[in-house]
**Student:** 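Dropping a structure here in structure tokens format, bear with me for questions.
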Amino acid sequence: VHPISHRVVFLLLVVTVRAQVNPETCRYPLGMSGGQIQDEDISASSQWSESTAARFGRLDLDNGDGDGAWCPDILSGPDALKEYLQVDLRSLHFITLVGTQGRHADGMGNEFAQRYRIKYSRDGSSWVGWHDRSGGQVIEGNKNAYDVVLKDLEPPIIARFVRFMPVTDHSMTVCMRVELYGCEWLDGLMAYSLPDGHQMIYRGLDVYFNDSVYDGATAERLTKGLGQLTDGAAGLDDFLHSHVYSAWPGYDYVGWSNKSFPKGYVEMIFEFDHVRNFTSMKVHCNNMFSRGVRMFKQASCYFRSGSDWETDPVTFRPDVDRESQAARFVTVPLGDRTASVIKCRFHFGDLWMLFSEVAFQSGVIAITNMKIHYFNGSECPGDDPTHKVDDSNTRILIGCLVAIIAILLTIIVIILWRQVWQKMLEKASRRLLDDELTARLAVQTRAFSSPHSSLSSDTDSSSNSTYEQIFPLCADYQEPSRLIRKLPELAQLTVRASTSGASQSLASSASESAPHYAAADIISLQESSHGGTSITPASMNLFEGADSSPREFPRDRLSFKEKLGEGQFGEVHLCEAEGLLDFLEEDLSVEPKGKSPLLVAVKTLREDANKNARNDFLKEIRIMSRLRDPNIVRLLAVCVDTDPLCMITEYMENGDLNQFLLGDYLGCFCGSNSCLCCSFSTLISMAVQIASGMKYLSSLNFVHRDLATRNCLVGRNCTIKIADFGMSRNLYRGDYYRIQGRAVLPIRWMSWESILLGKFTMASDVWAFGVTMWEILTLCEEQPYSHLSDEQVIENTGEFFRDQGKQVYLPKPPRCPDRLYNDLMLSCWRRNAKQRPSFQEIHAQLMESLA
């Protein structure tokens with residue numbers, strides 16, 4: 001027999017372009033409860049009996065022939081610590097969350113794991129024990145046999161095999177049902193090798209840049225493991241701060257000093273699961289060059305598919321940024337090079353080089369070798385090995401090749417469709433959660449959807465919170481798996497969401513005009529008048545004879561100077577009112593006196609405003625006319641006999657407090673009659689006046705809802721009066737967060753319960769006062785939480801809700817004493833609203849600090 005061999009090589013390239021993994025959204029159930037993980041992929045060290053085998057250890061699965069859980073055979077003794085339930089995910093996954101349950105046994109079981117440990121492996125041979133960022137290995141589990149307990153893995157793990165190992169109490173039996181949550185690890189990165197990070201001494205502060213969660217060998221050089229460069233958390237601009245609560249300075253970064261590298265570069269080696277075609281590499285670098293840190297000036301990458309390195313590297317030099325010190329991802333193009341191992345040398349651009357994340361964009365290359373043999377017989381040529389293949393055999397060969405190509409194309413289509421479907425699910429999940437959050441925020445804005453409702457009565461408008469659905473990570477909440485379990489069905493859920501109560505609230509308000517938060521109005525009492533009685537100009541006669549009645553001022557005596565701002569239903573103008581003091585027949589204790597024009601703010605209602613807007617505008621006039629406090633902007637007169645309706649209020653000649661501190665008050669402010677130097681006592685005096693005004697409002701049961709320096713006006717001798725013009729000014733548009741074009745909220749000043757639950761009370765105003773005081777003591781040099789995006793600010797409110805010590809507070813201003821920050825400002829931001837101080841207490845404490 002003389003076989004003829006034809007080697008046919010097929011190269012199949014599947015491009016999987018991938019962004020950096022996000023632990024906040026990578027939280028999908030991986031298939032224990034849903035059945036995607038097959039029984040043969042679930043194993044265990046032992047079992048009680050066939051009815052408690054490993055395949056029954058699926059979370060929330062109560063049907064089947066088993067007893068409803070996996071239970072190990074050994075119940076006590078030293079061997080019990082070696083028992084495990086193992087899950088094979090078939091490929092690498094980024095795992096962020098685990099869930100456990102006890103045994104149900106048709107209501108007869110009461111076995112569960114109070115504590116457990118986790119081990120994981122990427123190759124099935126080398127196992128690593130998971131530990132938290134503090135080194136703890138034991139995870140708190142269940143307290144009964146039924147409730148699901150979810151635990152975040154911080155740090156997350158990258159693994160194919162995961163083992164759950166119960167930590168047993170000799171007095172009780174242990175059974176477990178489990179689920180893993182995460183997403184597929186598309187990088188294919190199995191391990192990276194690099195020098196461990198160094199220690200920096202910055203102004204006497206120890207800053208550690210070591211890879212503290214690396215899971216490989218750490219002798220001399222880090223090898224055969226993964227760590228902080230693949231944990232999905234990009235470092236902050238300021239490397240002294242961290243996403244992780246109470247972490248040491250430098251925690252988010254792995255960094256090196258050029259003094260330890262005479263060749264001027266740091267060498268890293270990246271090992272992958274398969275031969276891949278690499279498009280690019282993304283490296284997150286710190287660039288705080290004012291502290292000697294700069295992103296790399298050159299990267300040279302070498303490639304290896306077999307045993308030898310290729311000699312021609314890919315070299316990339318990023319543009320040097322000499323202006324912005326923000327951390328950023330730098331994309332290194334890899335030129336579609338093929339390799340299973342990459343070695344990159346990053347050259348220093350300054351004294352220090354800091355990395356927090358490295359990710360790759362690549363495609364898997366599958367190489368299939370098929371030998372087609374021809375033998376003597378009816379299907380093959382004769383004995384002569386040089387015999388020409390006849391037409392019939394050629395047709396058979398071509399038919400086989402076409403069939404193989406068709407099969408490969410089918411596989412490609414299936415893989416691509418699977419990836420497209422997965423992306424659709426991810427988008428659907430984000431859209432569903434966004435819709436829920438939007439619906440919640442939209443519902444809360446209905447409480448002040450009146451275009452003139454900045455201040456309202458202290459009505460605690462709480463409702464059933466959907467917080468658990470938005471943030472299903474709370475340790476106290478024991479049933480989030482019901483939401484997480486349904487994430488693979490998000491296409492159907494999204495359709496259902498359109499008929500949900502929250503979406504109905506959103507839809508019902510869609511027909512209305514888009515509500516502003518304050519629309520440049522100062523005060524409005526949110527009355528529960530179900531009768532819907534409208535207020536017309538004629539109804540102003542209700543105030544005749546009363547001391548607080550606003551009087552009609554002649555329009556021709558108003559001289560418009562400039563436009564201060566514009567709201568949805570009107571405008572705010574700076575005007576001079578000729579003879580207003582004589583008109584009022586009282587001493588306002590303002591300058592100038594006599595017949596000189598008085599500077600006022602005139603708020604007007606557009607002539608085309610609807611009936612509800614007109615009623616709200618007139619209702620606001622009625623409420624404002626009753627307010628009398630030296631630290632509240634006062635309503636002086638009105639013009640309501642003809643359109644447009646106007647209200648005339650005090651205006652302070654030095655403008656709002658934000659611009660006053662930011663611009664004119666740096667160093668010293670010199671007015672026409674006096675020169676005031678910037679001192680701590682002057683700043684505290686401003687806060688005292690704001691607290692006094694808020695104390696007056698709280699005594700009348702009013703809630704301001706938008707307290708900030710932009711809404712405080714400054715007069716002579718640093719007199720402060722609370723107003724509400726900030727919303728209407730384009731200057732402060734960045735201080736408000738727009739919810740899908742519908743409503744705007746000052747989220748950086750709002751309490752967590754106002755954002756998530758829609759509760760606006762005196763206590764939420766106290767929270768805003770703490771932020772306002774922080775503005776004053778920082779001279780308004782930056783926006784609150786300036787290092788966080790709007791979305792991160794909302795996420796931070798979720799941390800206040802969970803109350804696990806991960807919430808981020810505004811830092812202590814440099815001008816603020818420790819006692820004032822700890823005893824007053826932090827008390828304003830307490831999670832429990834009932835534990836926050838009242839404005840009476842705040843005012844008294846500030847007065848003591850002035851003494």
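All heavy atoms count here, side chains included; hydrogens, waters and symmetry mates do not.
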**Student:** So does E111 pair up with R103, basic N to acidic O under 4.0 Å?
**Tutor:** yes

**Student:** Hey, does S754 have a side-chain heavy atom less than 4.5 Å from the side chain of W767?
**Tutor:** no

**Student:** With D39, which residues qualify under salt bridge (Lys or Arg N to Asp or Glu O under 4.0 Å), at least two apart?
**Tutor:** R58

**Student:** Centroid-to-centroid, Y84 to Y116, below 6.0 Å?
**Tutor:**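 Aromatic pair excluded; centres sit 6.0 Å or further apart.
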
**Student:** For Y737, which of M750, R748, E791 qualifies under side chain to side chain contact (heavy atoms under 4.5 Å, CB included)?
**Tutor:**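 Of the listed options, the one satisfying the test is E791.
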
**Student:** Is the Y192 ring parallel, tilted or perpendicular to the Y214 ring (thresholds 30°, 60°)?
**Tutor:** tilted

**Student:** Test of understanding: with ring-ring contact (aromatic ring centres under 6.0 Å, His included), list the residues that count as partners of H284, not counting sequence neighbours.
**Tutor:**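 Counting only residues at least two positions away or on another chain, H284 forms a ring-ring contact (aromatic ring centres under 6.0 Å, His included) with F329.
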
**Student:** Could you give me the CA-CA distance, side-chain angles and deciding distance for N142 and T100, then say whether side chain to side chain donor-acceptor pair (under 3.5 Å) is met?
**Tutor:** CA-CA 7 Å; N142 300 87; T100 58; 2.9 Å; yes

**Student:** May I ask you to test the D211-T218 pair for a side-chain heavy-atom distance under 4.5 Å?
**Tutor:** no

**Student:** In chain order, what residues pass the disulfide bond (SG atoms under 2.5 Å apart) check against C26, with sequence neighbours excluded?
**Tutor:**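 C26 satisfies disulfide bond (SG atoms under 2.5 Å apart) with C183 once adjacent residues are dropped.
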
**Student:** Determine which pairs satisfy side chain to side chain donor-acceptor pair (under 3.5 Å) with at least one residue from residues 127-136, sequence neighbours left out, and list them in order.
**Tutor:**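 Side chain to side chain donor-acceptor pair (under 3.5 Å) check on residues 127-136 returns R133-Y251.
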
**Student:** Output all residues satisfying side-chain contact (heavy atoms from CB on, under 4.5 Å) with S126, sequence neighbours left out; order by chain, then residue number.
**Tutor:**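 For S126, the residues satisfying side-chain contact (heavy atoms from CB on, under 4.5 Å) (neighbours in sequence not counted) are D123.
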
**Student:** Below 4.0 angstrom, N of the basic side chain to O of the carboxylate: do R802 and D152 qualify?
**Tutor:**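 Salt bridge absent between R802 and D152.
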
**Student:** Can you name the side-chain contact (heavy atoms from CB on, under 4.5 Å) partners of A113, sequence neighbours left out?
**Tutor:**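 Here the qualifying residues are P166, V174, M176.
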
**Student:** Think R831 forms a cation-pi with F801, using NZ or CZ under 6.0 Å from the six-ring centre and within 45 degrees of its axis?
**Tutor:**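 Checked: cation-pi criterion met.
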
**Student:** Return the orientation label for the F360 and F272 ring planes: parallel under 30°, perpendicular over 60°, tilted otherwise.
**Tutor:** perpendicular

